[in-house]
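As structure tokens, the structure follows; a few thoughts come after it.
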Number of protein chains: 2
Amino acid sequence: MASQEVLQAFVQAATQGSFSAAARKLGRSQSTISAAVASLEIDLNLVLFDRSSRKPSLTPAGHVMLQRAEEILAATSRLEMTASQLSQGVEPKLTVAISDTYQSDRFEAALSAFDQRYPDLELECLIAECDDLVALVQSGRAHVAFAEKQDSYPPDLVSSTVEERTEIALFVAREHPLAALDLVDQDVLQQHRELRLATIVNPYESRAKGRVWSAPSYLMLLEMAQGGFGWAPLPRWLVERFGPGTLQELDVRGWPKPVFVDALWSRLHPPGPAGSWLLGKMLE
Amino acid sequence: MASQEVLQAFVQAATQGSFSAAARKLGRSQSTISAAVASLEIDLNLVLFDRSSRKPSLTPAGHVMLQRAEEILAATSRLEMTASQLSQGVEPKLTVAISDTYQSDRFEAALSAFDQRYPDLELECLIAECDDLVALVQSGRAHVAFAEKQDSYPPDLVSSTVEERTEIALFVAREHPLAALDLVDQDVLQQHRELRLATIVNPYESRAKGRVWSAPSYLMLLEMAQGGFGWAPLPRWLVERFGPGTLQELDVRGWPKPVFVDALWSRLHPPGPAGSWLLGKMLE
DNA sequence: ATGAACTATCGCCTTGATCGATGGTTATTG
DNA sequence: CAATAACCATCGATCAAGGCGATAGTTCAT
């Protein structure tokens, strides 16, 4: 079986164009490289180098094998990279839960920086809202969450406000009766069905005052609103991104509301280096 | 450095869920697997298995490392696969030159079968016509070619007709004067510019009788025709695929012409197993 | 409690990676 | 044309790592 040492010798010899140069580069003796290449050629039953001239050059078959060998070395270096990160305590998989209220260039930028910094780390993104986010972090299911700011959190959670805000406004379908009105009064609003966010963990918290349909995600609310089933508070970016032209914003006193975003994590299941790094990027 | 044996031991132990089972599967002793996993854990400075219960189970970190290890083993098995093929004389890269006259389900099917049979073999497709195809095969630049059938070939080439034919018809742009005519006479045709195929190797072979623009590929001819620069003989499938609605077929005596396709290869640079296999698929 | 199946560890052997030294080949240079 | 500088192949010796068998300890089900 082709060992790592042999493959490294081969790859270096091929890229350097000289066995001696490869030996110097790898800190081995020249005879080691020579033997390694020879043994590889025997193992594979192939001639990899044309030795007729002074500088050995790859045969056509050698070119192909070089690619395969480099793939192996790349894979092993990925293994070593991951191992070193894991042994330093980096979480094997980072789970981030985010609210649909939050969508920003900052988050995009943080993610692509994260991709640079931890290229091989698996990332899981969950979407949830309000108390569902809190529950995910509390249970340890998610390491970090970005949620619509609340006044207070359970004692085992730590929060820090992100320097950014978005807007939530009221929307209805273009065909909805409310869409025709210029300014909508609270009383008029109450006469139509509300599409409201309901968390999974706490379904009864929001005791309905009127006719209410609820869903645990803004995206579902948006689809309900597009169906004309009622009016809904929705993040403006979400409407612009997924329902341009289908919804009409309502002009109601007190709306749109600015929304601030908190980063959350747990004292009991604190995020590892990768999670902390991502938090740092988001809060800087 | 993590050796292949150690990685195999780890992967098998992880997938089998037992060191002993892995040992049986790999034909090694149980102590070997145990030692291998232990040494890997030391090398990587990680605990890969949770040994608290009877059957060892992967730690979270172990799960991640298993993925990385499997990537390495997959890469080495690819290396061994290609080595074995190359040592059996399979060409390091297969170069096929095809004419634009030829486009068929059979060729598509042969290519996808080829992808199954030789998944790691590099494939190069060249496009050329007539004498250019002959030259590519003669020089060894291409192993196999599929060309518009000719009456005779140089003595060092072997040909075999593919059981299939396509059609070449005359086309002009919809705005071209000829497009208005129902039936076009040869004399009338001569009064307009011809867009003709000219090979690269033999530019002077086709001494122009009238005003002629020429190009070495049907695709260029098609673009010229779309520009309204003249009339051109073009493979019908090419027009339907790349210029639907822009060109008008001409009704001229003797057109459209059926075209037969020959497979070509060289006696001096005979195709290796992969090329022969592809030929077999195409000619069966 | 007992047996079956599993893992860890120890001593010993074999294989293969490595080194240094030596000798042969190829291109450059004066 | 000879001298020189690089380069590669080969040989014998050394050492680490992979492998085996035996043995002892643990876990789970009966």
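When reading the values below, keep in mind they use all heavy atoms of this one structure, side chains included, and skip hydrogens, waters and symmetry mates. Naming: A, B, ... by sequence-line order, numbering from 1 per chain.
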End-to-end axis angle, where each axis spans five pairs of the helix from C:dA1-D:dT30 to C:dG30-D:dC1, to 10°: 30°
Just to be sure I understand the rule, does B:G27 reach a base, reach only the sugar-phosphate, or reach nothing, if contact means heavy atoms closer than 4.0 Å? sugar-phosphate
With rounding to the nearest 0.5 Å, note down the distance linking CZ in B:F107 to CG in B:L278. 6.5 Å
Does atom NE2 of B:H63 have more than 12 heavy-atom neighbours, drawn from other residues, nucleotides or ligands, at distances under 6.0 Å? no
Just the rounded figure in Å: distance from P of C:dT18 to CD of A:Q4. 12 Å
The reported gap from CD in A:Q8 to NZ in A:K25 (rounded to nearest 0.5 angstrom) is 11.5 Å
B:S31 has its side chain closest, among C:dC10, C:dC6, C:dT18, to C:dC10
Remember a base hit wins even if backbone is also touched, and classify B:S18 as base, sugar-phosphate or nothing at under 4.0 Å, heavy atoms. sugar-phosphate
Side chain to side chain contact (heavy atoms under 4.5 Å, CB included) partner of A:L264, the single match among A:V134, A:V144, A:L279, A:L136: A:V134
Whole Å only: how far is the NZ atom of B:K55 from the P atom of C:dC6? 6 Å
In whole angstroms, the gap separating P of C:dT18 from CZ of A:R24 amounts to 17 Å
Take the protein atom CD of A:Q30 and the nucleotide atom C1' of C:dT25, then report the distance between them rounded to whole Å. 13 Å
Parallel, tilted or perpendicular: which describes the rings of A:F114 and A:W277, with under 30° parallel and over 60° perpendicular? tilted
For the pair made of CG in B:D50 and C1' in C:dT7, what is the distance, rounded to whole Å? 13 Å
Counted 5' to 3', the first and last nucleotides of DNA chain D within 4.0 Å (strictly under) of a heavy-atom of chain B are D:dG18 to D:dC28
Expected rows: protein N/O vs nucleotides 12-17 of chain C N/O, under 3.5 Å:
unit_1	atom_1	unit_2	atom_2	d
C:dA17	OP1	A:S3	OG	3.3

Any chance you could measure A:D115, atom CG, to A:L121, atom CG, to the nearest 0.5 Å? 10.5 Å
Describe the nucleic acid contact of A:S34 in one word from base, sugar-phosphate, nothing, applying a heavy-atom distance below 4.0 Å. base
Between A:L26 (CG) and C:dT18 (P), how many Å, whole number? 9 Å
Would you say the side chains of B:Q150 and B:D262 form a donor-acceptor pair under 3.5 Å? no
